[in-house]
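Okay, structure first, notes after.
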Amino acid sequence: MPDELPTRYNPADFEQRLYQFWEKGQFFTPLVDRDRPKFSIVIPPPNVTGRLHIGHALVNTLQDILVRWKRMSGFNTLWLPGTDHAGIATQMVVDRELAKQGISRFDLGREKFVEKVWEWKESYGNQIVDQLKRLGASADWTRSRFTLDEGLSHAVRHVFVRLYEEGLIYRALAMVNWCPFCRTAISDIEVEFREQNSKIYEIDYPLADSDRRLTVATTRPETMLGDTALAVHPDDERYRELIGREAVLPIAERRLRIVGDPILVDREFGTGVVKVTPSHDKNDYEAGQRNNLPQLQVIDETGRMTEAAGHDFAGLDRFDARRKVLDRLREMGLLRSTKDYVHSVGFHERCDTIIEPMISRQWFVRIEPLARPAIDAVRSDAVRITPQSWEATYFNWMENIYDWTISRQLWWGHRIPAYYCANGHTIVREQEPAACPDCGSTTITQETDVLDTWFSSALWPFSTMGWPENTLDYQIFYPTDVLITGYDILFFWVARMIMMGLHFTGRAPFSAVFLHGLVRDEFGQKMSKVKGNVIDPLDIVGEYGADALRFTLAIFSVGREIPLAKSRIQGYAAFANKMWNASRFALMHIDTELKSAKGINRDELRTVERWILSRLNSTTRDVNKALSAFRFDEASNALYHFFWHEFCDWYIEMAKPVLLGRHGTEADTRQSKRVLLEVLDRSLRLLHPFMPFITEEIWQKLGGVEPSIMVAPYPIAEDVLEDREAERLVSAVKAIATVVRNVRAERGFAPKDRFKLHIHTEQPRDANFFTEYAYLLKELARLTELVVNGEPPAGAVHDVVEGFAISIELPEKVVTPEQIERTQREIEKCRKELTSLEAKLANAQFIQNAPRPVVEQAQARHAELRARIEKLMQNQ
RNA sequence: AGGCCCUUAGCUCAGUUGGCUAGAGCGCCACCUUGACACGGUGGAGGUCAGCGGUUCGAGCCCGCUAGGGCCUACCA
């Protein structure tokens, strides 16, 4: 029996098989067709060194949901994948590999090392791609790109040269953030400031020409060896007359000018005297420029003290030097105090090394001219950021942006296309020149620095499409439609893509940005190996299936933090199991003849069938609407609720009597089966973007026309399916059944005990409905009999439900104190609401100002409450 | 220091232009092995929507203040 499903949902049985089926079927590859509406997105390229973590799972699940939705909705859809060469990260990984063999990259030399990295990339770089496939990512792998491949490298050189020619890239000596561990400059946003418990030291600097001493405070005493001045505030009466005189730098015994600098010095802070180290502090550097101070580099690029720090210190690590300086000062009696101090210290986010501000020659992007159009693009809604609150952060950063340090002293990356001739001329060209255009020299060397990884990432949306060539892909799929990523790389990546896209293609690279939250553990803690709270998505896929993980991520995708607990994933695996079993049930009753002749005649449908189709229709509308607004949570919630709590809990139960032939005609049974199939089919298609595997597995057994559910049309809402009347009546049936069950449970009757129920209605149509569907209520509420508009005995339990007065005849009168109290409470609640409603309705302004439907609703509610109170009173 | 955000059931969170009789999932309690499913079914308990004040016929939602928490940017001799 090929059509039967195993009793238990076991995703491992089919997920990988289905993925291979999709790949083989080439369903992920769009057509090269410019006449069809397209939808395109590019993946945030994971690092080649990456192993799939839960953040990847989230961002790629969300992209896949959109892509599958759009593809099924008829768009020519491209999801372009790829990986990032990740300069520092990858270099570090290979460094570590080499270290295991006892060699360093310096032993190999640049060329050999880069070869090694490529080798590493060829063997391990595809790991993350295979892992994405486990999640069900429907990216077009045939178009996969790598930031360091030939095409992208060409784009990088092209952009570099143009920016240089436009004066937007320059090389300069400047104070940059230096990582002594990675031995490279890094940009400002790669520095992570952290509060540290540290010490602040007060040190006495004697004046050169008197006994007076000036006390300065510092957290970094080792840098004093590089001091070239002291600064005071020019308006500070305590020190004003000292400006222009000299102090003596302890230990080094060097003369220091005392300068007045209102920008550097805050009179209120500390002693009001500041030591100035222009070579190792950003503010001091600037003060040095203003006051024309000499620079003295005392720390080198490895974090050790230089010769300039003095013979006693040269070669010492900066932190050892700190201790030694303090010892000296103590001996000299110049260390006035040591106090605990909390301040923030900059760390390199990649390697956790404390950043050393350092003057060096680097390449920069003059960013302000690029930022302006990028600000306008967001302001004018050419690019819409969701959630919108991030726009403020974006503007704040973009409006106060400073030049971007793009050179890195690494070996792995895009080597900067600048060349220097023997006579010191600089040539910036896409290809190495044969001779210097200025002097004809043929002795030419290429710049050794490489570019910041984010430089190539900034070009990703168009470089991956073949730009700067005017390729068909570029013409058809650029600009992309939406970019999905985490808010943590808004500045690193998103802002820079907008800037580069606008500058080089004249268009924003995407019209929408969706920033998802960051995944945390169930207690809101960051996941980290140290804490041991890491959830490995591949473990989850193995345990619960990719679909359960995807559904969980979708439902929690909104908000800044996504607390992920296994119990939640388990919950959605249970949902998958529910789908599985509901489908099993349906398949048991759907015969082959039905599968080939799908479709239903709406005019012949009974109320219950019209009801479920109406509910499905409004779910369809909600899901499409939610997805358009990136409300993955609303979409998945709507589907979860519909499928489980409307389709399974109610419709299937309501359909059973007719479906199983216990009630109605054969024609009714056939219709019922048709509707069951129709609703299941549509539900599966609606759910497919969220849970691609299980929906495909089941759908394959439903006998569709298309080869795969992933290319079957996505349902759209149809007004004809909406049926308010059916919704009203079935809603009443549900509510009445619930009340009867409630009374049964509350009064201690057994589930199998059956009662006689009376329903009263003035509407002949409603009376006919209940008469016709008496069998249904008898089944759902377990009744012996349903009487419409009869004479209920006084001793019955009365209530009013959705406008219908009902009375339940119990076999014996059971009155417990709890029960009386409960009725009492219910009446109280109604009365309270009634009182406030009456006040509302008595208020002329409410009647006047509130919209008509609101007033009508209040009036209807008022009537119902009164009737209900009256009936409930009879139960006493 | 500037900016953004959060505070709703035991836990984690929805609640879109003010109309709510405030929802969901998980957890909890009671009952039920009914022929799709115990990864199930039925019923239930649980909230002065952080506090105070204002606008409004009407505030969880808008405005102001207070308290607590988080994040981003800048800086900290």
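Letters go in sequence order (proteins before strands), and every chain restarts at 1.
- In the set B/rU73, B/rC4, B/rA36, the nucleotide with an atom closest to the side chain of A/F491 is B/rU73.
- Residue contacts shown for A/T219 are limited to sugar-phosphate atoms, with no base heavy atom under 4.0 Å away.
- The aromatic ring centroids of A/Y394 and A/F491 lie 6.0 Å or more from each other.
- Salt bridge status for A/E779 with A/R662: present, with a side-chain N to carboxylate O gap under 4.0 Å.
- Ion pair A/E286/A/K282 not flagged as a salt bridge, since none of the NZ, NE, NH1 or NH2 atoms sits closer than 4.0 Å to an Asp/Glu carboxylate oxygen.
- Within 4.0 Å (heavy atoms only), A/N843 reaches sugar-phosphate atoms of the nucleic acid but no base atom.
- Spacing between B/rA1 and B/rC61 at atom C1', rounded to whole Å, works out to 31 Å.
- Taking the centre of each ring, A/F514 and A/F632 come in below the 6.0 Å mark.
- Atoms CG (A/L587) and C1' (B/rA36) sit 10 Å apart, rounded to a whole Å.
- Listed nucleotides: B/rC20, B/rG44, B/rG35. Nearest to the side chain of A/L660: B/rG35.
- Between A/K578 and B/rG41, a side-chain N or O to OP1/OP2 separation shorter than 4.0 Å is present.
- Within 4.0 Å (heavy atoms only), A/Y341 reaches sugar-phosphate atoms of the nucleic acid but no base atom.
- Using a 4.0 Å heavy-atom distance criterion, A/D266 is classed as a base contact.
- To the nearest whole angstrom, the two C1' atoms, one in B/rC72 and one in B/rG10, are 32 Å apart.
- Using a 4.0 Å cut-off, some side-chain N or O of A/K282 falls inside it from OP1 or OP2 of B/rC75.
- Within the 4.0 Å cut-off from OP1 or OP2 of B/rG44, at least one side-chain nitrogen or oxygen of A/N742 is found.
- Among the candidates A/L225, A/I203, A/T223, the single residue satisfying the side-chain contact (heavy atoms from CB on, under 4.5 Å) test with A/V325 is A/L225.
- Counting non-hydrogen atoms under 4.0 angstrom, A/P851 reaches a base of the nucleic acid.
- Going from the C1' atom of B/rU21 to that of B/rG47 covers 14 Å, rounded to whole Å.
- Contact annotation for A/R822: backbone-only contact, meaning every heavy-atom pair under 4.0 Å involves sugar-phosphate atoms and none involves a base.
- Remark: the separation of the P atoms in B/rU73 and B/rU17 is 29 Å, to the nearest Å.
- Residue-level contact check: A/R194 touches neither bases nor backbone, having no heavy atom under 4.0 Å from any strand.
- At a threshold of 4.0 angstrom between heavy atoms, the contacts of A/E653 include nucleobase atoms, whether or not backbone atoms are also involved.
- Applying the 4.0 Å criterion to OP1 and OP2 of B/rG19, one finds that A/K840 has every side-chain N and O outside that range.
- B/rA14 and B/rG51 have their C1' atoms separated by 23 Å, with the value rounded to a whole Å.
- As rounded to the nearest Å, B/rU48 and B/rG60 have P atoms that lie 14 Å from one another.
- Between A/L553 atom CG and B/rU12 atom P the separation is 19 Å, expressed in whole Å.
- Under a 4.0 Å N-O distance rule, the pair A/K275/A/D227 qualifies as a salt bridge.
- The phosphate of B/rG41 (OP1 or OP2) has a side-chain N or O of A/W644 nearer than 4.0 angstrom.
- Counting any heavy atom pair closer than 4.0 Å across all strands shown, A/Q570 reaches no nucleic acid atom.
- Distances shorter than 4.0 Å separate none of the side-chain N or O atoms of A/R782 from OP1 or OP2 on B/rG41.
- For B/rA22 and B/rG46, the P atoms lie 14 Å apart once the distance is rounded to whole Å.
- For the OP1/OP2 pair of B/rG19 and a distance below 4.0 Å, the side-chain nitrogens and oxygens of A/R861 include no atom meeting the criterion.
- In the set B/rG25, B/rG15, B/rA36, B/rG15 carries the atom at the smallest distance from any side-chain atom of A/R631.
- Separation of the A/F755 and A/F749 ring centroids falls under the 6.0 Å cut-off.
- Contact between the side-chain N/O atoms of A/S583 and the OP1/OP2 oxygens of B/rA36 is not found at any separation under 4.0 Å.
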